[in-house]
Structure formats: C-alpha cells, structure tokens
Protein chains: 2
Amino acid sequence: MALSPLAQRFVLHFGEMGSRWGINRTVGQIYALLYVSPAPLNADQIAEALGFSRSNVSMGLKELESWRLTRVQHLPGDRREYFATPDDVWAIFRTLAEERRKREVDPTLTMLRDALIEAPTSDDDAHVQARMREMHDLIDLVTTWFGDVQRLESSTLQQLMRLGAKVVKLFEFKDRVGSGAALRGRSASAPAKVS
Amino acid sequence: MALSPLAQRFVLHFGEMGSRWGINRTVGQIYALLYVSPAPLNADQIAEALGFSRSNVSMGLKELESWRLTRVQHLPGDRREYFATPDDVWAIFRTLAEERRKREVDPTLTMLRDALIEAPTSDDDAHVQARMREMHDLIDLVTTWFGDVQRLESSTLQQLMRLGAKVVKLFEFKDRVGSGAALRGRSASAPAKVS
DNA sequence: TCGAATTTTCAATAGATCCTGAAAATTCAG
DNA sequence: CTGAATTTTCAGGATCTATTGAAAATTCGA
C-alpha cells in the first residue's frame with residue numbers, strides 16, 4: 001500500500017490545508033487518501049499508508065464520520081470495516097457546507113438573536129445592538145439563500161453558476177419584458193431587511 | 001473601558017468561534033470588540049478592555065491587518081494609532097471571502113492543476129487524477145462564480161439572494177419566452193465542464 | 001456462550017501554539 | 001538631533017492539541 005508520489009502530494013497537501021481550518025492533519029490526510037483511493041480501505045491499510053498509529057486512525061475516522069464524509073462498507077467474508085468517501089463531489093460539497101453552517105454559523109446566529117431581543121440599557125449598547133443586527137441580517141440572508149440554492153439539482157446549480165454574474169442580465173430582462181408571472185412569493189423587490 | 005455585558009457576550013463568542021476556524025481567540029476578540037465599538041480604539045484600550053498584554057494586542061492587530069479587516073486612523077494631537085473595522089458589513093463579507101479564497105482555495109487549485117498536467121504512470125494514478133480533476137472542476141466553478149457575483153453592487157446582490165431558489169424560475173421564464181438576447185457570452189446551455 | 005478478531009477508549013507524553021514581559025526598534029515633537 | 005512616547009519583536013514559559021500504546025470493549029463466527 002505504498003502511495004504513488006502523485007497521491008502522496010495530494011494527501012500531504014490536505015494534511016497541511018486541514019490545519020488551516022480547524023481540522024487536524026491526520027483527519028485531512030485520511031480524507032484525502034479515501035477520496036483518491038480506487039477502492040475502500042480498512043483502518044489498518046490507512047494506518048500503514050499514512051504512517052499513523054491504529055488508534056489515531058480510529059479517532060480520525062470518527063471525526064470524518066461526524067462530518068458525514070465517509071461511507072462504510074463490508075467485504076464478504078471479512079469482518080473489518082472498509083471506508084470510502086461519497087463519490088459525487090457535489091454531494092460532498094453540500095454536506096460540507098451544511099456541516100459548517102451547523103457548527104460555525106448557527107451558534108453565532110443564535111447568540112445574535114438572543115442578544116437582540118434584550119432592551120439596550122445605554123447608548124453604547126444601542127450601538128452594539130445596531131451593529132449586531134447588521135451582522136445578523138447579513139448572515140441570515142446569506143445562509144437562507146445558500147440553503148435555498150443548495151437544495152437545487154446539481155445540474156441546475158451548475159447551470160446557474162456557469163451563468164455567473166450574468167444572472168443579473170436575466171433580472172433586467174425580466175423587468176424589461178415586464179412580467180412578474182414567473183415569480184410568485186418572495187419578490188425581487190421586497191423591502192430591504194439588510195442595511 | 002469596562003465592557004457592557006452585552007458587548008462582552010459578543011466578544012467572548014467571537015473568541016470561541018475564532019478558534020473553530022484557524023484564527024485564535026485573541027484575534028477573534030479584538031475583531032469583535034472593534035466591530036461593536038462606537039469609536040476607534042487604540043492598542044492600550046483594547047488590551048485593557050480584553051485583559052490581554054499589550055504585545056499580544058499588537059500581534060492580533062497585525063493579523064487582522066493581514067486580513068484587511070481593520071482601518072487605522074489618528075486623532076488630532078495624539079500620536080497613538082486608533083483602530084476600527086470597516087463599517088459596511090457587505091464590504092467586510094467580500095473582504096473575508098476574498099482572503100479566505102487566497103489562503104485556502106487558491107493553493108489547492110494550484111496543487112491540483114500542477115498534478116493534473118502530469119501523465120499518469122499507472123491505472124491507479126489515472127484514477128487519482130480523475131478524482132483530482134472532479135475536485136478541481138468543482139472548486140474552479142464555484143470560486144469563479146463566487147468571484148463573479150461578489151463583484152456586483154451590494155444592493156443587486158441582496159436582491160438576488162432574496163430571490164433565493166426562485167432564480168431558477170427566471171431561468172425557465174427566459175426559456176419560455178425563448179429569447180437569448182439578454183444573454184450574450186457564456187451561455188446557460190454551454191457544454192458541461194464538470195462531471 | 002466462548003474466544004479470536006477488530007475497534008474504541010484513555011492516560012500519558014510529545015508537539016504545537018499562545019501569550020507574556022523585557023528589550024529593541026521606530027516615530028515624531030521640540 | 002534628542003529623547004519621550006509608542007509600537008514591534010522575540011525568547012521562554014504556560015496552555016492547549018495531537019498522537020501513541022496499552023488496555024477495555026465490542027463484534028461475530030463457530
């Protein structure tokens with residue numbers, strides 16, 4: 001199970017990158033290894049390929065599982081568990097985005113909401129709350145929007161992204177044609193909630 | 001310069017959150033403090049308000065500066081530097097996104113591109129490259145798109161986001177009306193680059 | 001149910017990062 | 001140019017995180 005130089009570069013890069021977010025080197029490397037592996041691997045194979053202790057790999061796999069980034073399967077006549085990553089990169093992207101939202105964004109939104117229902121007790125606090133509200137509204141808008149488009153079919157989402165800033169043209173186009181018929185519900189010209 | 005309980009909660013939360021990404025507690029707290037502060041603060045005020053050493057604050061401010069998240073100003077007749085965050089939350093959002101792309105995404109894209117121009121030397125490596133290409137194409141599409149829409153006016157961007165998944169309706173609307181006139185250049189039905 | 005195979009837990013330590021105080025460097029009024 | 005005010009640097013200690021080996025727990029075929 002020696003890694004090819006190509007695979008090794010990929011794996012090491014993810015190890016380094018991992019530590020640039022909160023995730024640690026081991027976890028990053030294990031994920032990268034599983035991602036490029038042509039077949040699922042068991043924990044011993046991972047430990048050997050990466051030169052980590054068996055127990056470290058066990059920890060790392062548990063962490064990846066908590067991010068919903070692994071699939072587990074069994075081979076016939078083998079009791080060991082074999083690990084792989086989901087195949088579809090768009091599915092992986094969605095999962096990652098969702099988990100990060102849950103861990104990094106939601107707690108902040110909650111804190112902001114809690115703080116915003118209290119009555120300010122001074123002018124300074126009124127200012128603090130005003131700033132908190134600006135942040136809250138931005139985060140709220142961005143995450144709601146993100147959750148919204150994320151639920152689209154991968155192919156639709158890709159179309160949309162390829163369009164890039166040109167969606168705005170569509171926008172103007174619609175206004176020119178002058179029909180709101182295609183857009184029921186939340187309107188493009190709803191009153192601004194964000195500063 | 002004692003913090004109100006409200007401001008304190010905000011500041012402490014950002015300290016904790018900070019460490020959930022790569023950024024450390026000190027930096028998170030300093031940023032949060034500046035963000036809600038009604039007036040710019042000098043380093044001593046920050047150190048006192050947060051209970052950090054002067055030198056720690058100096059480090060933290062340098063880090064924030066490297067993220068382009070501070071503005072520096074001088075008060076007349078005072079040699080000390082006074083720090084604030086940019087006012088516009090959308091500008092802050094853009095800056096953060098750009099910096100994170102530079103630090104976290106671009107190096108990965110570079111690594112992937114470099115690895116993808118090499119000729120695979122085995123079947124396994126061919127598979128590794130195929131997986132790397134999937135990842136590359138996804139990241140490339142998402143970051144290009146993001147850079148694209150990020151350059152829009154804040155108000156346009158907000159409109160777009162409020163629309164949410166309903167942009168797709170616009171899409172269908174355009175197809176029904178049957179005109180490509182509004183969409184020159186990169187087309188919505190361009191051949192797929194991504195799996 | 002037993003026991004071998006496998007996985008998980010956990011206390012101990014290795015390693016990384018943070019934070020400080022003291023000293024060096026810089027800035028600027030006079 | 002001088003020296004006080006201010007900021008930055010940096011080595012060392014404090015604190016936090018990662019990693020390991022050994023032991024406990026679990027799983028499952030016989």
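Naming: A, B, ... by sequence-line order, numbering from 1 per chain.
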Legend entry - d(CZ, B/R20; P, C/dT17) in whole Å: 19 Å
Inset, instruction - Please report, rounded to the nearest Å, how far the P atom of D/dA5 is from the CD atom of B/E81. - result: 18 Å
Legend entry - Lys/Arg cation over aromatic A/W67: A/R100, 6.0 Å, 45° cone: no
Inset, instruction - Identify whether the distance between the nearest side-chain nitrogen and carboxylate oxygen of B/R113 and B/D140 falls below 4.0 Å. - result: yes
Show me, pair by pair, the donor-acceptor contacts under 3.5 angstrom made by side chains of residues 5-15 of chain B, not counting sequence neighbours?
residue: B/R9; atom: NH2; partner: A/E118; partner atom: OE1; Å: 3.3
residue: B/R9; atom: NH2; partner: A/E118; partner atom: OE2; Å: 2.7
residue: B/H13; atom: NE2; partner: A/T108; partner atom: OG1; Å: 2.9

Legend entry - Separation of C/dT6 C1' from A/L75 CG (nearest whole Å): 15 Å
Inset, instruction - Under 4.0 Å between any heavy atoms, over every strand shown, what does A/R79 touch: base, sugar-phosphate, or nothing? Just pick one. - result: base
Legend entry - Salt bridge present between B/E65 and B/K62 (N-O < 4.0 angstrom): no
Inset, instruction - Kindly say if A/R80 contacts the phosphate of D/dT27, meaning a side-chain N or O under 4.0 Å from OP1 or OP2. - result: no
Inset, instruction - Measure from CD1 on B/I30 to C1' on C/dC19 and round the result to the nearest Å. - result: 12 Å
Legend entry - DNA chain C contacts made by residues 50-63 of chain A, counting heavy atoms under 4.0 Å: A/R54, A/S55, A/S58, A/M59, A/K62
Inset, instruction - Grab the CG-P distance between B/D78 and D/dT6 for me, whole Å please. - result: 7 Å
Inset, instruction - Give the cluster check for A/L163 versus B/L138: same hydrophobic cluster or not, with ILVMFWY residues linked at side-chain heavy-atom distances below 4.5 Å. - result: yes
Legend entry - Whole-Å gap separating P (C/dC19) and CD1 (B/I23): 12 Å
Legend entry - Salt bridge flag under 4.0 Å for residues A/E99 and A/K102: yes
Legend entry - Atom-pair distance (CZ on A/R25; P on C/dA16), nearest Å: 8 Å
Legend entry - Those residues that, when tested against B/R25, pass side chain to side chain donor-acceptor pair (under 3.5 Å) (two or more places apart): none
Legend entry - 5′-ward residue of the pair A/F83/A/S19 relative to DNA chain C: A/F83
Legend entry - Rounded distance in Å - NE2 (B/H74) to C1' (C/dC28): 11 Å
